[in-house]
Amino acid sequence: MFAPLDTNIFDIAVVGTGVVGCAVARRFTLEGARVVVIEKASDILDGASKGNSAILHTGFDAPTGSLELSCIREGYQEYAEIHREMGLPLEKPGAHVIAWNDEEAAQLKQIVAQANNNGVTGVELIDAGELYRREPNLSEHAVAAVVVPDESIIDPWSAPYAYLKQSLENGAAEYRNCEVRSGLFDNGQWLLETSRGTLKSRYVINCAGLYGDTLDETVLGEAEFKIKTRKGQFVVFDKAAAKLINSILLPVPTEHTKGIVVTRTIFGNVLVGPTAEDQESRSDASTDENALSSLLASASEIIPALSSVPVTAVYAGLRPATERKHYRIKARPDRNWITVGGIRSTGLSSALGIARHVFGLYSKHGERLNPIVRPKIPNVPWLAENGPRDWQHEGHGEIVCHCELVTEREIKSALAEPLAAQSLSGLKRQTRATMGRCQGFYCSARLAELTQEHFDAQLSVGGDHV
Amino acid sequence: MSDAVNSAAANYDVIVIGGGPAGLSAATELKRLGVSRVAVIEREPIAGGIPRHCGHSPFGMREFMRVLSGPQYAKKMVKVTLDAGVEVLTSTSVVEAMPGGRLIITSNKGLEEKTARRIVIATGVRETPRAPRMISGTRPLGVLNTGALQSMIYLKNQKPFERPVIVGTELVSFSAIQTCRHAKIRPVAMFEESDRVTARWPTAEFARLVGVPVQLKTRLLEIRGNERTSAVVVLDHNGVKHTIECDGVILTGQFTPDVSLARNGHLAVDPASGGPVVDQFGRCSDPAYFATGNILRPVETAGWCWNEGRKTGRWVANDLAGKLSQQGRKLQIVTGDNIVRFAVPQRIQLPYGTAGMQDLQLRFSKSAKGNLVALSDNKVVYKKRMNVHPERRFLIPLSKIVGSREGGRIELRFSELKE
């Protein structure tokens, strides 16, 4: 059922297509490598990158001097540089770190100092009066806040999709439903045995996210870290909530947690989360009623008017944390292997920076490459509220998903190569179909019709009753 | 900004948003009363609304004096509307409703602006999907509302599952059973959280008759499954958890007005009814906008909505003729406890006359016996002994509530009598 694999020797095999894998594939392709991208799921972004808070962080609160900080800084910078030509949205509402009591207020100076040390500019203390002028719907009793003007919101799926698409359009190969089962390193070359056959590559970059340690164990025989899945549940409020807040609202972090964020999304909703729950399973992204109810309660404590806004969606994301807080990126030049592990919560912001860092590690030992002079720029769908959408243009066919105004043309394009969606969740990430307030009440039947023969798990299991 | 409301330059005299029973009958009535330029904007490829998706009987008793199936009924309504000279724009969506009678719409032609002197919102209701119900568990395929199920089965000849469970016992829940039977889908069980079936007898008998056990005081706790639904966990009346194998979940009812145009726009929304705030003519907080049908409140039958739309058409025609006052005092009607779920209309334009809605439409949040009390300045102005149930229609003559009051507000409460 799948096309046969390319039997030529690749320069780089990237295992995993989360945001990190996509960014790494793009970087190596642009630097001139012949890249193959391998994903075990039927669609990209199916693991940790499926659910996050969709914020592009400045790194103001990252550990000073850390690799994480430098990757966030570089990632932020590169996203800001490329987003226009790549057709990727970026909105800069800024963040407020809010102190709700004197004890928290006492920590704000330290937050400003750390931001300054981290090279994040424009960060300053404001008093309650100024805070309420900026956020009039905030509940009472806020004492003071720190403003981080450059904290931004992006589309968490179109960005990695664009990275990978640029990689593919500039010569990379991509295999989904393709799981690495074992590998043999011989004579400077990897033979990777996958569920779809053998792939040959000179170098391997492990971007397997939630399965980063198991891939190292399976292929290298050992892993230097152990993934400890941390689940974060989120609640998404109806678009009516967007007028209630102007920025990203953060609590003062504690020793244990960064706390609950209330933020607008680039799609015009309001997002509240995440919880932080350690669990054994690396795939169980189930939500639970109690956690969601407590998120709702937290949201109304921060913005009381949210209590009368309907909930549009709930989801859980799984973060690949490890025993330690820091990133676990390590090159094994003796085995032509780089592991990019433990990218637990800032991956969306840091991915482009991580990709540059990984390329730097490779360059110390790997073969010299000739960068592509004029790389092709991919065309990606624009799904953000702050720019023209497809429904505004002639010839879109019809609106299929009315809540999110997803057109027939957008659906058909997401079902076409490259990176044709092969599952409903993949299609959702590429188009937003069914992600609105009715969650498919109107469009499920039409979607089942449009996606027939495209998905392994069909929306309709039969139909011979008429 | 152009103002279409008082202008002959507007594209239409009236645009009706939504081509279901209420919208089509409002438009038809407007034409019948001599309003010349009337259009219905319908986002689906064919007008007809929910009945078009609902392949079973009975529809049309009130309007056409015959028992019809949903699609037959929808077809007949559309024919009557077109014969009356209404322009029906299908596959066209209203994206934004703005002050001054301006609408942003989209169709295959792309973005357009249309203006009208009056706009009638008749966008109906939808069922509450999974997320706002806060059900625990994974998110597999096969979890649907009745509406999605009906379109799949009746419009597209699809089948989302073979052995689902049904959550809820409203009228629509039994429509879900009928829909399943049509596609030879065999529901495993039907769950109801409260201690009684929500819909009127004999619907529950029907479920039992076709072999679907109805389990009362049973709450859906969790949905399981990876790609597809594999089981649900329910909590029974004894507080015991059960895992029930099934390949789908039909989440029925808990209707909510499809009010996003109003909510995201400039019209006031009543959090109690979930619909726009209206006066006795169905007039919204922006008097260029009217609302009719199920957007006013969850939920009525197609026949009721058709009738309601016809009356609204008459009121809008009167307004265009300058016969509807917007000056003068207003009386607010508010709900004051958690037994009275909502009351429509929320506002009375005074002086109150015989034109407009004759009844206050009420819904209650639970089954209770006691007195409905209307208070004005803490004085009882109306009192009625009632046995109330959730999701049932209760009507109180507006004249009795309004009386000779000259403004202010009326608060409705329900004082329960303990047995």
Side-chain angles (χ1 to χ4, degrees), chain A residues 235-236 238-240 242-243 283-293 296 308-315 388 391-399 402-403 405 407-408 423-425 436-446 448-449 452 456-466, chain B residues 43-45 53 91-93 95 106-111 126-142 144-162 182-185 221-224 226-228 247 256 258 260 263-264 269 271 274:
Chain A
V235 170
V236 182
D238 189 271
K239 292 187 174 176
K243 47 189 162 195
S283 60
D284 176 10
S286 57
T287 51
D288 87 276
E289 202 181 342
N290 294 333
L292 297 172
S293 305
L296 283 186
S308 63
V309 179
V311 168
T312 287
V314 300
Y315 66 92
W391 60 262
Q392 287 161 277
H393 305 297
E394 199 179 345
H396 64 60
E398 61 180 294
I399 303 289
H402 296 286
C403 302
L405 295 167
T407 68
E408 183 188 5
S423 65
L424 179 63
S425 56
R437 55 181 72 82
C438 92
Q439 303 271 295
F441 178 86
Y442 285 104
C443 67
S444 291
R446 180 75 179 117
E449 187 177 54
Q452 213 169 359
D456 296 337
Q458 296 283 326
L459 304 190
S460 169
V461 294
D464 49 0
H465 44 274
V466 175
Chain B
R43 63 192 194 177
E44 294 201 48
H53 299 231
S91 296
T92 304
S93 305
V95 178
T106 179
S107 66
N108 194 34
K109 287 184 266 180
L111 181 85
R126 57 180 169 76
E127 294 163 284
T128 299
R130 175 176 176 180
R133 296 180 191 232
M134 298 276 160
I135 301 160
S136 299
T138 54
R139 295 189 296 156
L141 293 177
L144 300 176
N145 286 127
T146 319
L149 177 72
Q150 288 179 336
S151 344
M152 289 185 85
I153 287 177
Y154 290 122
L155 298 186
K156 305 286 187 191
N157 190 23
Q158 299 158 347
K159 196 173 185 178
F161 35 56
E162 306 278 355
H182 181 79
K184 302 185 182 67
I185 295 168
L221 290 182
E222 187 188 338
I223 295 172
R224 289 187 180 164
N226 294 323
E227 211 156 65
R228 296 193 177 280
D247 64 353
T256 165
D258 211 333
S260 46
R263 199 188 280 282
N264 295 330
V269 172

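Values reported hereafter were calculated over all heavy atoms of this structure, with side chains retained and with hydrogens, waters and symmetry mates removed. Each chain gets a letter, A, B and so on, in the order its sequence line appears, and its residues count up from 1.
- Within the 4.5 angstrom heavy-atom criterion, only side-chain atoms of A:L424, from C-beta onward, approach chain B.
- For B:S107, the part lying near chain A is the backbone, with the side chain staying farther off; criterion is any non-hydrogen pair under 4.5 Å.
- Contact count against chain B (heavy-atom pairs under 4.5 Å) is highest for A:C438 among A:C438, A:A313, A:A448.
- Closest heavy-atom contact between B:A131 and A:V314: CB-N, 3.8 Å.
- With a 4.5 Å cut-off on non-hydrogen atoms, B:D258 touches chain A through its side chain but not through its backbone.
- Between A:F441 atom CZ and B:E127 atom CD the span is 4.5 Å, to the nearest 0.5 Å.
- Of the listed residues (B:H53, B:K109, B:R130), the one with the most heavy-atom contacts under 4.5 Å to chain A is B:K109.
- Ranking B:G274, B:G110, B:S93, B:G142 against chain A, the residue ahead of the rest is B:G110, based on heavy-atom pairs under 4.5 Å.
- Counting heavy-atom pairs under 4.5 Å between each of A:L405, A:D288, A:T407 and chain B puts A:D288 at the top.
- To the nearest 0.5 Å, atoms CE (B:M152) and CD (A:E449) are separated by 10.0 Å.
- When heavy atoms are compared at a cutoff of 4.5 Å, B:R139 approaches chain A solely by way of its side chain, counted from C-beta outward.
- Atom CD1 in B:I135 sits 13.5 Å away from atom OG in A:S286 (nearest 0.5 Å).
- Between A:P310 and B:R263 there is a side-chain heavy-atom pair separated by less than 4.5 Å.
- We find the OG1-CZ distance between B:T256 and A:R437 to be 10.0 Å, quoted to the nearest 0.5 Å.
- The candidate from A:G397, A:A240, A:S293, A:A285 with the greatest count of non-hydrogen atom pairs under 4.5 Å with chain B is A:G397.
- Panel note: side chain B:Q158, backbone A:A445; a donor-acceptor pair is recorded below 3.5 Å.
- For B:V95, the part lying near chain A is the side chain, with the backbone staying farther off; criterion is any non-hydrogen pair under 4.5 Å.
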**Report entry** side-chain contact (heavy atoms from CB on, under 4.5 Å) evaluation trace for A:E289 with B:E222
**Finding:** CA-CA 9 Å; A:E289 202 181 342; B:E222 187 188 338; over 6 Å; no

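- At least one side-chain heavy atom of A:Q458 sits less than 4.5 Å from a side-chain heavy atom of B:R228.
- For chain A, the nearby part of B:E227 is the side chain; its heavy atoms alone come within less than 4.5 Å.
- Environment of CG in A:D284: crowded, with over 12 heavy atoms of neighbouring residues, nucleotides or ligands closer than 6.0 Å.
- Residue contact with chain B, scored on non-hydrogen atoms closer than 4.5 Å, is absent for A:E408.
- Neither the backbone nor the side chain of A:S423 comes within less than 4.5 Å of any heavy atom in chain B.
- Residue A:H393 touches chain B through its backbone alone, counting heavy-atom pairs closer than 4.5 Å.
- Of the possible polar contacts, none joining the A:S444 side chain to the B:A148 backbone as a donor-acceptor pair under 3.5 Å is found.
- When the candidates A:Q439, A:Q392, A:K239 are compared by the number of heavy-atom contacts under 4.5 Å with chain B, A:Q392 comes out ahead.
- Of the possible donor and acceptor atoms, none in the side chain of A:T287 sits under 3.5 Å from a partner among the backbone N and O of B:S136.
- Looking at B:L155, there are no atoms closer than 4.5 Å to chain A (heavy atoms on both sides), in backbone or side chain.
- Of all heavy-atom pairs spanning B:P160 and A:V461, the tightest one is C-CG2, 3.8 Å.
- Residues B:T106 and A:H396 bring a donor and an acceptor atom of their side chains to less than 3.5 Å of each other.
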